[in-house]
Amino acid sequence: MSDKKKPRIQPRLFKGTRDSLPEDMIPRQRVLDVIREHAERCGFAPLMTPSIEHLDVLTGKYGSEAEHLIFRLAYKDGNTAALRYDLTVPLSRVMAMYPSLPKPFKRYQVQPVWRAEKPQKGRYREFVQCDLDTVGTTEMTADAEILALTAGVLGDLGLERFVMRVNHRMVLDALLDTAGIPKNLHVFVIRTIDKLDKVGDSGVREILLKGPSGGDGGITEDQADLLLKATGLTGSPADVLPEVRRMLGDHEGGVRGLSELSEVFSILSWLDVPEACYSFDMSLARGLDYYTGPVFETVVPELSLGSIAGGGRYDDLIGRFGKDAPAVGTTLGLDRIVVAMQELKLIQETKTATEILVCVVSPDQKSDAFKLGGLLRRSGVRTEVFLESASLKKQFTYANKTGIPYVGLLGADEVEKGVVTVKDLAKSEQTEVPRENLVHWIRARMEKVG
RNA sequence: GUGGGCGUAGCUCAGUUGGUUAGAGCGCUAGGUUGUGGCCCUGGAGGUCGGGGGUUCAAAUCCCCUCGCUCACCCCA
């Protein structure tokens, strides 16, 4: 009857959003488990904040470029609210609101953020971020700990060939000062340098010489030479630090930035972070306005999906809410990490967590099936008991499509003999297992698989 | 905001001088096999050809407008 009627509302997704079906969620949860484990192992505590904030809490923090990308909400009488753009600004608000929190305050937070961008490959309007931050200390130990934690997580996930690029905002500013670049061109120059990966030295040089308006008003040839020479200095800290120091001379901010970086790198070595996992990279800028000290960004060079993590020190951000506090943190791009792992074939496709489906062979055996299911579940075996009275064909089809590896059959014969017939769907092998051995039997097999 | 590509079944797509009732594969569903899935065979359901207007005896096909998706730039996870 009404089957014939078409639904009036077309099911569709809002631009830039997607559904995470079980096959997407299962690997994501695995990644999340690793992140959570590492975070708590290092003393980071969980935090959640609302998705919606007052608009003025968010504005003026990210810089004019990013500011357009804040998702604004209008509600009654022209009041304005917005969806959070990242997790760092909400944390800053929390720190300003609860001054009695013990310092240093270390927290991790996993929640979606929203950006009103035009979506494209690997970029969405809603995506999940996982942030790790330490508030309340200016010590570089905090910066280094966060980098080490990032490396630990990525290493544990099997992403071996990642590189954490590290730079320092003060060093960058010192470089521009040393080159004699006027303050009003700093933002332009830094943004241009950030494009090195894409357009290369010559492209960057061209843009720099032309200036922000594209005509003249750019920097001089000599300045461009100096900048490109400096940004070419990328690699092991032991090699690069001294050269940069020579280049920047006595510039006060430069000296301070370099000494902070060298401290960070020392601590990383104490923490046994392999040298191959990080580099000093003079070309790293980071777009967000609120960074004040070390900045970092993690990439997997063999993949072209942008950065999978990024962060830095933001000592002045919390102060804008009235209560000063230094802070440093990183964002792990949960979704992108999963993509990276998929592309590197580090995730075996799993559609279900269920280990065995207990079939209801006939209505008479319903109680036996559910009793067995209960027993298995109490023993920690992930068990489904088929909920409907249906043909075995249908029940097997369900197991097959869902990806459940084992099927248990408990009919009159089995009940009488005190066994369960278990079929391995992948191998198409079937055996009778005594009821009391079933838990052990499954455990042994599931562990072998992984 | 600026450019390019694409909209035909749930999905991936065929469908050229405009011409009967718009097709395939996959998926879904029922059966072949009433204690057994994946393979195979047979049947079934499922389409205002993105939407609107125009040209024409006739439009998925040609023209105009519009909406949507997508990729790139910008910026970023």
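We name chains A, B, ... by the order of the sequence lines, and we start the count at 1 in each one.
- Taking 3.5 Å as the limit, the base of B/rG38 and the side chain of A/Ser428 contain a donor-acceptor pair of atoms between them.
- Rounding to whole angstrom units, CD of residue A/Glu414 and C1' of B/rU36 are separated by 12 Å.
- Residue A/Glu432 contributes atom CD, which lies 16 Å from atom P of B/rU36 at whole-angstrom precision.
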Step by step, work out the side-chain hydrogen bond (donor to acceptor under 3.5 Å, both in side chains) result for A/Tyr398 and A/Glu384.
-> CA-CA 11 Å; A/Tyr398 173 78; A/Glu384 279 193 68; 2.8 Å; yes
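- Between the side chain of A/Glu117 and the base of B/rA77 there is at least one donor-acceptor pair of N/O atoms closer than 3.5 Å.
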Give me the distances for all protein-to-nucleotides 25-29 of chain B N/O pairs that come in under 3.5 Å?
{"from": "B/rC28", "atom 1": "OP1", "to": "A/Lys401", "atom 2": "NZ", "distance (Å)": "2.9"}
{"from": "B/rU29", "atom 1": "OP2", "to": "A/Lys401", "atom 2": "NZ", "distance (Å)": "3.4"}

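- Residue-environment remark: CZ (A/Arg382) stays at or below the threshold of 12 foreign heavy atoms within 6.0 Å.
- The side-chain ring of A/Tyr398 is not stacked on the base of B/rG37, judged by centre separation under 5.5 angstrom and plane angle under 30 degrees.
- When side chains are defined from C-beta on, A/Lys61 does not count as touching A/Ser92, because their heavy atoms never get closer than 4.5 Å.
- In terms of polar N and O atoms assigned as donor or acceptor, the side chain of A/Lys394 never comes within less than 3.5 Å of the base of B/rG37 in a complementary pairing.
- Contact check on A/Lys210 versus A/Glu206 returns a salt bridge, with a Lys/Arg side-chain nitrogen under 4.0 Å from an Asp/Glu carboxylate oxygen.
- Below the 3.5 angstrom threshold, one finds no donor paired with an acceptor across the side chain of A/Asn400 and the base of B/rG38.
- Going from atom CD of A/Glu429 over to atom C1' of B/rU36 covers 15 Å, rounded to whole Å.
- Taking atom CZ of A/Arg18 as the reference point, atom P of B/rC11 lies 19 Å away to the nearest angstrom.
- Across the C1' atoms, B/rU17 and B/rG32 are found 47 Å apart, a figure rounded to whole Å.
- With hydrogens and angles ignored, no donor-acceptor pair closer than 3.5 Å exists between the side chain of A/Lys393 and the base of B/rU36.
- A distance of 7.0 Å separates CZ of A/Phe162 from OG1 of A/Thr298, quoted to the nearest 0.5 Å.
- A/Trp114 places its CH2 atom 25 Å from the P atom of B/rC75, with the value rounded to the nearest Å.
- Atom CG in A/Leu69 sits roughly 12 Å away from atom P in B/rG1 (whole-Å rounding).
- Among the protein residues, A/Asp86 comes within range of no part of the nucleic acid, since none of its heavy atoms lies under 4.0 Å from any strand.
- Between A/Arg313 and A/Asp143, at least one side-chain nitrogen of the basic residue sits less than 4.0 Å from a carboxylate oxygen of the acidic one, meeting the salt-bridge criterion.
- The base of B/rC75 does not come close enough to the side chain of A/Arg115 for any donor and acceptor atom to sit less than 3.5 Å apart.
- Not a single donor-acceptor pair, N or O on each side, falls under 3.5 Å between the base of B/rU36 and the side chain of A/Gln395.
- An OP1 or OP2 oxygen of B/rA77 is reached within less than 4.0 angstrom by a side-chain nitrogen or oxygen of A/Arg286.
- Residue-environment remark: CZ (A/Arg377) exceeds the threshold of 12 foreign heavy atoms within 6.0 Å.
- Going from the C1' atom of B/rU21 to that of B/rU2 covers 47 Å, rounded to whole Å.
- Per the geometry, CG belonging to A/Leu425 stands 9 Å off C1' belonging to B/rU36, to the nearest Å.
- Counting only N and O atoms by type, the side chains of A/Thr292 and A/Asp316 include no donor and acceptor under 3.5 Å apart.
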Any N/O pairs under 3.5 Å between the protein and nucleotides 68-72 of chain B? List them or say none.
{"from": "B/rC69", "atom 1": "OP2", "to": "A/Lys15", "atom 2": "NZ", "distance (Å)": "3.1"}
{"from": "B/rA72", "atom 1": "OP2", "to": "A/Gln120", "atom 2": "OE1", "distance (Å)": "3.2"}
{"from": "B/rA72", "atom 1": "OP2", "to": "A/Lys121", "atom 2": "N", "distance (Å)": "3.2"}

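- Taking the C1' atoms as reference points, B/rU55 lies 27 Å from B/rA14, given to the whole Å.
- Per the geometry, CZ belonging to A/Phe386 stands 14 Å off P belonging to B/rG37, to the nearest Å.
- Across A/Thr59, A/Thr80, A/Leu83, a single residue satisfies side-chain contact (heavy atoms from CB on, under 4.5 Å) together with A/Arg72, and that is A/Thr59.
- In summary, the aromatic rings of A/Tyr278 and A/Phe265 are positioned with their centroids under 6.0 Å apart.
- Distance from the side chain of A/Val361 is smallest for B/rG35 among the nucleotides B/rG35, B/rA77, B/rG38.
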